[in-house]
*Asks:* 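Questions regarding the structure given below will be posed in turn.
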Amino acid sequence: FFANVSHELRTPLSLMLGPINKLEKEHFPNEKAKRLVSYLKNNSIHLLKLVNEILDLSKLETNRLEIKETEVNFHDFLLPLIAQFKSASSSNSLKLLFEYQANKTLNLQLDIGKFEKIVHNFLSNAIKFTPPYGTVQLTIEDHDDQLLVKVSDTGAGIHPDDLPHIFDRFYQSKQVDAPVQGGTGIGLSLCKELAELLNGRVWAESELGKGSVFY
């Protein structure tokens, strides 16, 4: 049911984004109109992302999500990915860092879409939960036959009771003072299942009030 409804939602959402993108390039008589179009675009993209995540989950459950690998230079592939978050981090007065501790000529056979979803989710969450003037960092480490991808932040951290469950599907914090962030509990669960599909794994470490590291 969710898969069918999500599929039906995706088409009108995609059709909305075309005109919104054109509107965004228009000259507006005032800042308020420009800001409203920006809200329209950001929320439409967010909705489309959620719809796609539900579709991916349904494909995972029926073993219909295929791996499609492409050869990429790993360093060059990551640069535009982190550049996407520069404006979001600067508008939140965050410092966004990128540390690449591997050979810059390294080429990988990579399912670009699935890998991007994992890193995108980690970076989005880190920026969302880090207060102004904090730091978010993407680090790549080469461990011989494995690559370690780390996204660290100086944000609110995760309660010890919540930490073992954050990759469970639809999990929401049980803490009474947890801030309402409007999450669905889909994103991190999808990251876990995609990583396992790619013969990897995800995990997290966190200290309440000091920040988190997602691996």
Side-chain angles (χ1 to χ4, degrees), residues 1-72 76-92 94 96 110-129 136 138 151 167 169-172 179-198 202:
F1 171 75
F2 275 121
N4 289 339
V5 171
S6 300
H7 195 77
E8 292 302 315
L9 285 171
R10 188 162 63 170
T11 302
L13 273 170
S14 301
L15 291 172
M16 279 166 52
L17 274 166
I20 290 171
N21 284 329
K22 285 183 181 175
L23 263 179
E24 198 178 35
K25 293 171 185 172
E26 295 290 323
H27 176 72
F28 290 98
N30 58 63
E31 276 300 311
K32 185 180 178 183
K34 188 176 180 180
R35 194 164 63 248
L36 288 172
V37 171
S38 177
Y39 288 154
L40 274 173
K41 181 180 178 181
N42 289 340
N43 284 293
S44 297
I45 289 170
H46 183 58
L47 266 176
L48 193 58
K49 178 174 171 281
L50 289 176
V51 165
N52 286 331
E53 284 180 348
I54 293 170
L55 283 167
D56 283 346
L57 281 179
S58 67
K59 287 178 183 175
L60 275 165
E61 285 190 333
T62 54
N63 297 315
R64 288 189 294 116
L65 200 59
E66 297 175 357
I67 297 173
K68 296 175 183 174
E69 291 183 334
T70 308
E71 185 172 332
V72 293
D76 293 351
F77 160 73
L78 289 168
L79 291 178
L81 185 58
I82 198 158
Q84 291 176 30
F85 291 91
K86 284 288 183 186
S87 59
S89 60
S90 58
S91 65
N92 291 351
L94 298 177
L96 182 59
L110 196 64
D111 188 314
I112 293 170
K114 294 177 183 59
F115 184 82
E116 272 187 349
K117 278 176 184 168
I118 298 168
V119 178
H120 197 281
N121 230 301
F122 282 4
L123 284 170
S124 297
N125 284 346
I127 288 170
K128 182 164 72 172
F129 291 107
V136 172
L138 171 64
V151 174
F167 292 104
R169 197 179 292 184
F170 309 125
Y171 182 77
Q172 301 283 334
V180 178
Q181 292 287 347
T184 58
I186 293 175
L188 288 177
S189 164
L190 183 62
C191 288
K192 176 178 180 286
E193 295 184 51
L194 289 176
E196 289 171 355
L197 189 68
L198 301 173
V202 292

*Asks:* In chain order, what residues pass the side-chain contact (heavy atoms from CB on, under 4.5 Å) check against S38, with sequence neighbours excluded?
*Replies:*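 In terms of side-chain contact (heavy atoms from CB on, under 4.5 Å), with neighbours along the sequence ignored, S38 is linked to N42.
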*Asks:* To the nearest 0.5 Å, what is the distance between CG on L9 and CG on L48?
*Replies:*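 Answer rounded to 0.5 Å: 10.0 Å.
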*Asks:* Which heavy atom in I67 sits nearest to a heavy atom in L197, and how many Å separate them?
*Replies:*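 Shortest heavy-atom separation between I67 and L197 comes out as CD1-O, 3.1 Å.
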*Asks:* Going by salt bridge (Lys or Arg N to Asp or Glu O under 4.0 Å), name the residues that satisfy it together with E24, two or more places apart in sequence or in a different chain.
*Replies:*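 Partners of E24 under the salt bridge (Lys or Arg N to Asp or Glu O under 4.0 Å) test: K41.
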*Asks:* Partners of I112 by side-chain contact (heavy atoms from CB on, under 4.5 Å), sequence neighbours excluded?
*Replies:*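 Per chain and number, I112 pairs via side-chain contact (heavy atoms from CB on, under 4.5 Å) with T70, V72, F77, E116.
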*Asks:* Verify side chain to side chain contact (heavy atoms under 4.5 Å, CB included) between F85 and L94, making sure each step is shown before the conclusion.
*Replies:* CA-CA 10 Å; F85 291 91; L94 298 177; over 6 Å; no
*Asks:* With E196, which residues qualify under salt bridge (Lys or Arg N to Asp or Glu O under 4.0 Å), at least two apart?
*Replies:*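 If we apply the salt bridge (Lys or Arg N to Asp or Glu O under 4.0 Å) test to E196, skipping adjacent residues, the hits are K192.
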*Asks:* Begin from the C-alpha positions of V119 and L123 and carry the test side chain to side chain contact (heavy atoms under 4.5 Å, CB included) through to its verdict.
*Replies:* CA-CA 6 Å; V119 178; L123 284 170; 3.8 Å; yes
*Asks:* With sequence neighbours excluded, tell me which residues meet side-chain contact (heavy atoms from CB on, under 4.5 Å) with A33.
*Replies:*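 Only F28, N30 meet the side-chain contact (heavy atoms from CB on, under 4.5 Å) criterion with A33.
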*Asks:* What's the shortest heavy-atom distance between L17 and S44, and which atoms?
*Replies:*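 Closest pair (atom of L17, atom of S44, distance): CD2-CB, 3.8 Å.
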*Asks:* Residues two or more places apart in sequence or in another chain: which of them pass side-chain contact (heavy atoms from CB on, under 4.5 Å) with L188?
*Replies:*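 Result, side-chain contact (heavy atoms from CB on, under 4.5 Å) vs L188: F122, N125, I166, F167, F214.
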*Asks:* For R169 and E193: C-alpha separation, side-chain torsions, deciding distance, then whether side chain to side chain contact (heavy atoms under 4.5 Å, CB included) applies.
*Replies:* CA-CA 10 Å; R169 197 179 292 184; E193 295 184 51; 2.8 Å; yes
*Asks:* Would you give the length of the straight line joining atom CG of L13 to atom CG of L47, rounded to the nearest 0.5 angstrom?
*Replies:*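 Rounded to the nearest 0.5 Å, the CG-CG separation comes to 5.5 Å.
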*Asks:* Quick one: pull up CD1 in I20 and CG in L15 and give me the separation to the nearest 0.5 Å.
*Replies:*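 Here the interatomic distance stands at 11.0 Å.
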*Asks:* Could you list the residues that satisfy side-chain hydrogen bond (donor to acceptor under 3.5 Å, both in side chains) with E71, not counting sequence neighbours?
*Replies:*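 Counting only residues at least two positions away or on another chain, E71 forms a side-chain hydrogen bond (donor to acceptor under 3.5 Å, both in side chains) with N107.
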*Asks:* Look up atom CE in M16 and atom CD1 in I45, then write down how far apart they are to the nearest 0.5 Å.
*Replies:*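 Spacing of CE (M16) from CD1 (I45) equals 10.5 Å.
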*Asks:* For residues C191 and V202, report the shortest heavy-atom separation together with the two atoms involved.
*Replies:*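 So the two residues come closest at O-CG1, 4.1 Å.
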*Asks:* Say you draw a straight line from CD of E31 to CG of L36; how long is it, rounded to the nearest 0.5 Å?
*Replies:*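 Answer for the CD-CG pair, E31 versus L36, is 11.0 Å.
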*Asks:* Between D111 and E69 (side chain of the first, backbone of the second, donor and acceptor by atom type, cut-off under 3.5 Å), is there such a pair?
*Replies:*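 Pair absent, no side-chain N/O of D111 close to backbone of E69.
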*Asks:* How far apart are the closest heavy atoms of A195 and I118, and which atoms are they?
*Replies:*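 Minimum heavy-atom separation between A195 and I118: N-CD1, 3.8 Å.
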*Asks:* Is any side-chain heavy atom of K117 less than 4.5 Å from a side-chain heavy atom of K114?
*Replies:*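 No, side chains not in contact.
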